Structure formats: C-alpha cells, structure tokens
Number of protein chains: 2
Amino acid sequence: MRSSETISSATGYLLLRLANLASARMEEALLPFRLRGRDLRVLAFVQDGELSQRDLSQQTGLDRTTMVAVIDGLERNGYVRRERSPTDRRKQLISVTTDGRTVLSEALTALRWAEDGFLAPLGEDERRQLHRQLSLLYAAHDPRCQTDDTSELGLLLGSDAAGTRHSEGPTRHTT
Amino acid sequence: MRSSETISSATGYLLLRLANLASARMEEALLPFRLRGRDLRVLAFVQDGELSQRDLSQQTGLDRTTMVAVIDGLERNGYVRRERSPTDRRKQLISVTTDGRTVLSEALTALRWAEDGFLAPLGEDERRQLHRQLSLLYAAHDPRCQTDDTSELGLLLGSDAAGTRHSEGPTRHTT
DNA sequence: AACTGATCGTCAGCTACGCTGATGATCAGT
DNA sequence: ACTGATCATCAGCGTAGCTGACGATCAGTT
C-alpha cells in the first residue's frame, strides 16, 4: 500500500490542496482590482447593509483585528466609508461607495471567470453536485447559519468528539 | 440582490472556507502526534520510496526551502532519516524510520476520525459524491497526478488555459 | 584534466497573515 | 455616579511561504 495514496485519497487533503490552487487563481484574478481575496469577501458583505466591523468579522469569519486592516485598505482605495453610528458611537458603520459597488461587481464577474476555468474539468452536472455538497457542508459548519437551538456547541461536540477524545481511538503515547 | 449571497454561493468561496475549517480540525487531531498538517503530508510521501527533498517538494507542492524545515522537524522527532545518495551526492534521500511508520499510521487514523466528524453532516452517498468530484478536480489540476504519457504539459495547458486567458474576460483598466 | 553550466540542499531575510493582549472611548444597568 | 461590558484600534508575537544567495556536486565540453 502506498501511503501517499492513502493521504491523497483523503477528502480533507483534497479539500485543502484544491483550496490552495483555487485561492491562487482567485487572487490572481482579483489582482487588477487592487483587491485581495479577503477584501472582496468583506466588500461583498458590506453591501448588505450598514454593518459594524464587529458584524463583518462574524459574518466573514475574519478576526476583528484583521478586519481593521482590511477596512483600512478598502477605505484607502475609496471602496468603503467609515461612519460612526449615531445610535452607538462605539461602532463604525461601514458603507460601500459607488466606486466600491462598481469594483465589487466587476471583481465578482472576474471571479466567476476564474472559477469557471478552475471547475472546467468537471461536467455541468458534476459541478452542480459539487456545489451542492459544499453548500450543505458549509451550512452545517458555519456558526452563522446555525439555528440557535442546535447551537455551535452541539455540533462541535458531536463531530469534534472524534477528534478530541481520540484517546479512545488512535492514541499516541508521548514517549 | 444581496451580494453576500452572490459570494457565499460561489463554489470557490465555499471551498476556501471549508478548507479553513477542515484544516483547523485536522491540525487539532494531529497535535498529539507532534505533527503539523504539512509534516504528515510529507511523511506520507516519504514512505513511497527513497525520495530526495526535491522530489518531495514537487510531490507535496511545498516549496523547496520549506521542505528543509519540515524534514528538520521530522528528523528531530526521529520519524525520518537523511542519507546522501550514493549515486548523486548532492541529493538527500529521505527514508522513514520504524517510529515514523508507526506515527504515520496512527496519525492517518486520527485524521480519518477527524474527517469523518467533519463530513458527518453529509449522508453516505453525498460524501462519496463529494469525494469523487474533488478527486476528479484534483487529478485535473495536480501536475503530479497526470498520467505520464499525456504528460504534465498537455493537461496543464488544457486546464490552465481557461484560467490564464481570463485577460479576455472582464478587464480592469488600472487607472 | 580543466571549465562551464546546471542541480541540490541550506541559510538569511523579507513579507504577509492571524491571533493575543492591552488601551481608550462608549454604552447599558444599577 | 459607578461598574461592567462592548467596540475599534494598536503593538507585538509566532508562523508560513517565498526570493536570493551560497557551497557542494554532477554532467557535458574541450
């Protein structure tokens, strides 16, 4: 048995390597827009309404401190604006500018091109299937999409258990 | 139209975020083995035969300089050995130790546990489908997995073309 | 045998990322 | 007015990956 096959055939491994490759392509596609991947990610959510940086952090999954830098960049390029919330002056409400809206739209299009290229090896149906499975999995894992009762805890325990208490499973006696 | 839906529904986006989540779990699962994700990745390929660090770099997709550090770590833990090739004394042939073999096997098992947990939200069939699509896509993109006759060149051109010529697509006049 | 160009491993140094912890400003409740 | 919590921000840490350079070694040429 070749162990490389063992690991190459692991779904998680495939996921990671493919994400790497896809990421490279996407970054490349976004280059001319002066946007990094995470910038677009944030920008896309900004357009949904007047959100605070905190909100954006949670929605995008980025760290709150990272968000500062991202917004800085977007603001420097004139894609978004910072405004203190009138009701809660601690918050910075982030709003997209017309420039930002334009760039977002163009960048998303460019991204789709890149994505299409990346997924080209798959047929129409396979692509749809892939998208569906990924969506399901993402919905199940993203804390943002959880119904409040099941809550993060339940799922974490449910699936993490395999990882955390693997003292029952494969153990490693730290020599 | 909410643009967050636009980007959240992008397959590439899902791929990236899921890879992030999966990666965190896998790293966590490997913790007790004193292995990082990339360590295991390398270790798995080491077992395939006596490969040079150069070979490993290409196979795993890691940088040649990164490989030095990875091998250093693996060697420090006694999982692999460095030996100069007798036929080409520039090369370092990396071979796995019995300790390394044991750890690899255990770690792979732990990884499967974690993976199962992560994929739990999907049904049996969905999981299989997902794995299949990912495999296909990976095979199409990874230069290493190409059948030797078609050769790296052919498929690279075949699939890269769609991504490379996106200059035909939406362009951005760098003002 | 000497010379040239290429290859391999290694190292120093740079850049970028994400995170922790602390700080000042602000809010909500008492 | 006081206390505790929340928000944005900043400094700093550790890590990852990459570039560029270097010595050692190989293959081919003369």
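In the text below, chain A, chain B and the rest are named by the order of the sequence lines, each starting its count at 1. Model, not experiment: these values are computed from the prediction.
Nucleotide C/dT30 has D/dA1 as its partner under the Watson-Crick or G-U criteria, with both atom distances under 3.5 Å.
Atom C1' of nucleotide D/dC7 and atom CD of A/Gln58 are separated by 11 Å, given to the nearest angstrom. Separating the CG atom of A/Asn20 from the C1' atom of C/dC17 is a distance of 14 Å, rounded to the nearest angstrom. Rounded to an integer number of Å, the gap from CG of B/Leu35 to P of D/dT15 is 16 Å. Here D/dC10 presents its C1' atom at 17 Å from CE of A/Met67, a figure rounded to the nearest Å. Rounded to an integer number of Å, the gap from CG of A/Leu16 to P of D/dG17 is 11 Å. For B/Arg38 and D/dT15, the CZ to P distance is 10 Å, given to the nearest whole Å. In this structure, A/Glu27 places its CD atom 11 Å from C1' of C/dA16, rounding to the nearest Å.
The side-chain contact (heavy atoms from CB on, under 4.5 Å) check on B/Asn20 picks up nothing, with sequence neighbours excluded. Remark: B/Thr11 pairs with A/Glu115, A/Leu119, A/Leu130, A/His131, A/Leu134 by the side-chain contact (heavy atoms from CB on, under 4.5 Å) rule, at least two apart or across chains. Under the side-chain contact (heavy atoms from CB on, under 4.5 Å) criterion, B/Glu126 pairs with A/Arg132, A/Gln133, A/Leu136, B/Leu122, sequence neighbours left out. Residues meeting the side-chain contact (heavy atoms from CB on, under 4.5 Å) test with B/Ser105, sequence neighbours left out: none. Listed by chain and residue number, nothing satisfies the salt bridge (Lys or Arg N to Asp or Glu O under 4.0 Å) test with B/Arg84 (two or more places apart in sequence, or in another chain).
DNA chain C is contacted by both A/Thr66 and A/Pro86; A/Thr66 maps to the nucleotide lying nearer its 5′ end (nearest heavy atom per residue).
Between A/Arg82 and A/Asp72, at least one side-chain nitrogen of the basic residue sits less than 4.0 Å from a carboxylate oxygen of the acidic one, meeting the salt-bridge criterion.
Close to C/dA25, at under 4.0 Å from its OP1 or OP2, lies no side-chain N or O of A/Arg89.
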Could you run down nucleotides 1-15 of chain C 5' to 3' and tag each one B, S or - for protein heavy-atom contact under 4.0 Å? -----BBSSBB----
